[in-house]
Enquirer: 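This is the structure, below, for whatever I ask next.
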2 protein chains.
Amino acid sequence: MENYLPHIAYDSVIFGFSGERLKILLLEYHNTGWLALPGGFVKQDENLDDAVHRGLQERTGLDKIYLEQFHTFGNVNRHQPEVMKTILEASAFSLTEYALLLDRFISVGYYALIDYEKVKPQPDALSDSIDWYFVDELPPLIFKHEEIVQKALASLQFNLDRKLVGMNLLPSKFTMKELQQVYEAILGEKLRRTTFQRKMLSLGILERHEKRFNGKAHKAPYLYSFRASSFAIDR
Amino acid sequence: MENYLPHIAYDSVIFGFSGERLKILLLEYHNTGWLALPGGFVKQDENLDDAVHRGLQERTGLDKIYLEQFHTFGNVNRHQPEVMKTILEASAFSLTEYALLLDRFISVGYYALIDYEKVKPQPDALSDSIDWYFVDELPPLIFKHEEIVQKALASLQFNLDRKLVGMNLLPSKFTMKELQQVYEAILGEKLRRTTFQRKMLSLGILERHEKRFNGKAHKAPYLYSFRASSFAIDR
DNA sequence: ACAAAAGTGTTACGGTTACACCCATGC
DNA sequence: GCATGGGTGTAACCGTAACACTTTTGT
């Protein structure tokens with residue numbers, strides 16, 4: 001632990017799209033049933049952004065992840081040493097060795113957008129499991145992480161059109177309907193089919209491919225992909 | 001120093017409007033001529049936001065300041081211990097007592113909008129002077145603070161319409177022309193007079209008061225103020 | 001009366017909305 | 001052929017742009 005910066009952490013809100021609704025990854029701490037956002041710490045000589053990428057890589061196995069920093073949380077009332085103490089004890093971690101985890105932390109919030117199908121979440125040393133939960137039906141979280149999720153979602157909604165970010169939640173080829181469902185899931189409202197289609201096409205960033213025949217008794221939709229030039233990940 | 005959180009700092013970009021152009025406050029360190037953004041540290045049991053307000057209050061004398069957090073800077077290459085060492089030595093500060101200032105810091109960036117006329121900037125213990133500089137003619141800054149200024153400005157531009165934030169740079173009563181000049185200074189472009197006027201009025205947040213006679217040989221402009229309900233400072 | 005700046009009316013334009021219609025697909 | 005969902009054409013609508021015009025002020 002001594003090669004990490006004290007008092008500084010990050011929390012990540014990892015969004016995925018299950019085909020209908022927006023989900024995020026939550027981890028469950030050993031023997032407590034407590035749920036929280038995946039987070040982590042920054043090494044002494046590591047860039048903040050790199051620390052977050054490292055943590056996400058470990059937990060999702062994904063290498064290139066669309067990441068966006070959205071807010072830094074620095075209120076004193078987020079400090080709950082009893083809760084952290086219980087977590088460490090439940091995992092049989094040495095309280096003396098990890099004492100500095102009981103200190104106050106200022107936490108930088110990031111959100112990530114990933115392809116739900118591509119990830120097999122991996123729990124870390126402190127947690128039993130890591131799993132997907134619907135954003136609009138969140139269970140109670142510790143450390144006031146609900147607030148972080150809400151702010152991440154608001155930020156994602158706000159950036160949706162500006163940064164054309166929806167693509168990162170889908171596989172490389174997708175139908176217009178799937179893209180619309182992503183937008184609807186993020187914005188929490190229904191959009192008009194024809195308007196949405198024309199707006200997306202008018203942006204000039206979509207490439208049309210072959211149709212996808214799904215055996216249904218109706219016209220087969222075209223598959224689209226985003227042009228490389230309008231790529232969202234720009235590390 | 002030991003009652004402050006190590007490794008955590010904030011930097012503030014304090015915007016003011018001089019009547020024509022946008023300015024920010026920079027401080028000059030003792031005996032070096034080096035310029036930097038006003039920054040500070042967070043006490044052990046102090047909210048991050050409160051720390052920034054405290055620092056701004058000390059330097060500007062203002063009590064209620066419009067503040068917005070915009071980004072947290074955590075790259076390793078921002079760490080320049082030699083520069084900080086020179087600054088401390090130039091001020092004859094004890095290197096042993098203030099050794100932890102030589103450590104790496106992660107810095108939370110805030111921007112503030114204040115009424116240029118109301119503030120009498122006060123230098124702090126490390127600095128000779130604190131003064132206004134045009135944002136579009138910045139001198140070289142230490143600690144890569146140019147990057148922070150650029151990001152603050154981009155964020156301000158981005159939030160300008162959404163949060164109706166321009167008002168915080170003006171006294172409580174102002175003319176439409178003054179408001180337009182603020183917008184033009186922030187956006188860095190000329191706006192159309194009639195369009196701007198109608199857009200602002202159509203928002204329904206301006207209250208019209210008496211005219212301001214300035215002795216010029218032309219029609220006197222109305223004074224406007226923002227309605228209390230659309231107040232920008234919401235602490 | 002005149003110049004300068006503030007305020008308003010009118011039309012044109014461009015993007016979004018609403019709704020209709022056509023097209024493709026499998027039963 | 002028909003039901004279903006995908007794709008496109010068209011006119012209405014709305015906010016902004018462009019520009020002309022009127023109003024107010026001090027010299």
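Labels below follow one simple rule: chain letters A, B, ... track the order of the sequence lines, proteins then strands, and each chain is numbered from 1. Atom set for the values below is all heavy atoms of this structure, side chains included, hydrogens, waters and symmetry mates excluded.
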Enquirer: Can you tell me the distance, in whole Å, between the CZ atom of A:Arg208 and the C1' atom of D:dG6?
Expert: 10 Å
Enquirer: Could you tell me the separation between the NZ atom of B:Lys190 and the C1' atom of D:dA17, rounded to a whole number of Å?
Expert: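 Between C1' of D:dA17 and NZ of B:Lys190: 18 Å.
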Enquirer: Assign A:Thr175 to base, sugar-phosphate, or nothing according to its heavy-atom contacts below 4.0 angstrom with the strands shown.
Expert: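 Result for A:Thr175 = nothing.
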Enquirer: Nearest-Å distance, CD (A:Glu210) to P (D:dG6)?
Expert: 17 Å
Enquirer: Hey, does the side chain of A:Gln197 come within less than 4.0 Å of D:dG6's phosphate (OP1/OP2), counting only N and O?
Expert: no
Enquirer: As a test of understanding, state which of B:Lys199, B:Arg198, B:Gln197 forms a side-chain contact (heavy atoms from CB on, under 4.5 Å) with B:Leu201.
Expert: B:Gln197
Enquirer: Contact class for B:Arg212 (heavy atom, under 4.0 Å): base, sugar-phosphate, or nothing?
Expert: nothing
Enquirer: Looking only at side-chain N and O atoms, does A:Arg192 come under 4.0 Å of OP1 or OP2 in C:dA18?
Expert: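 Checking A:Arg192 against C:dA18: at least one side-chain N or O falls below 4.0 Å of OP1 or OP2.
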Enquirer: How many Å lie between CE on B:Met200 and C1' on D:dT16, as a whole number?
Expert: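 It is 13 Å, rounded to the nearest whole Å.
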Enquirer: Can you measure B:Arg198 atom CZ to D:dA18 atom C1' for me and round it to whole angstrom units?
Expert: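 Nearest whole value for this atom pair: 10 Å.
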Enquirer: Counting distance only, does the side-chain N/O of A:Ser155 pair as donor-acceptor with the main-chain N or O of A:Lys151 below 3.5 Å?
Expert: no
Enquirer: Between B:Thr195 and D:dA17, is there a side-chain N or O to OP1/OP2 distance below 4.0 Å?
Expert: yes
Enquirer: Nearest whole angstrom, please: distance from the P of C:dA18 to the CZ of A:Arg193.
Expert: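 The answer, rounded to whole Å, is 14 Å.
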Enquirer: Please compare A:Phe196 and A:Ala220 by the position of their nearest nucleotide in DNA chain C and report the one closer to 5'.
Expert: A:Phe196
Enquirer: Would you mind reading off the distance between A:Phe174 atom CZ and D:dG6 atom C1', rounded to a whole angstrom?
Expert: 16 Å
Enquirer: Check every atom of C:dC19, D:dT23, D:dA18 against the side chain of A:Thr194 and return the nucleotide holding the closest atom.
Expert: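 Nearest to the side-chain atoms of A:Thr194, counting from C-beta on, is C:dC19.
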Enquirer: Using the six-membered ring of A:Phe158, assess whether NZ or CZ of B:Arg162 lies under 6.0 Å from its centre and within 45 degrees of the ring axis.
Expert: yes
Enquirer: Here's a test for you: under salt bridge (Lys or Arg N to Asp or Glu O under 4.0 Å), which of B:Lys190, B:Arg192, B:Arg21 qualifies with B:Glu184?
Expert: B:Lys190
Enquirer: Between B:Glu68 and B:Lys163, does any side-chain N to carboxylate O distance fall below 4.0 Å?
Expert: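 Here B:Glu68 pairs with B:Lys163 in a salt bridge, since their nearest N and O are under 4.0 Å apart.
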Enquirer: Send over the distance from B:Leu201 CG to D:dT16 P, rounded to a whole Å.
Expert: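 Value for this atom pair: 12 Å.
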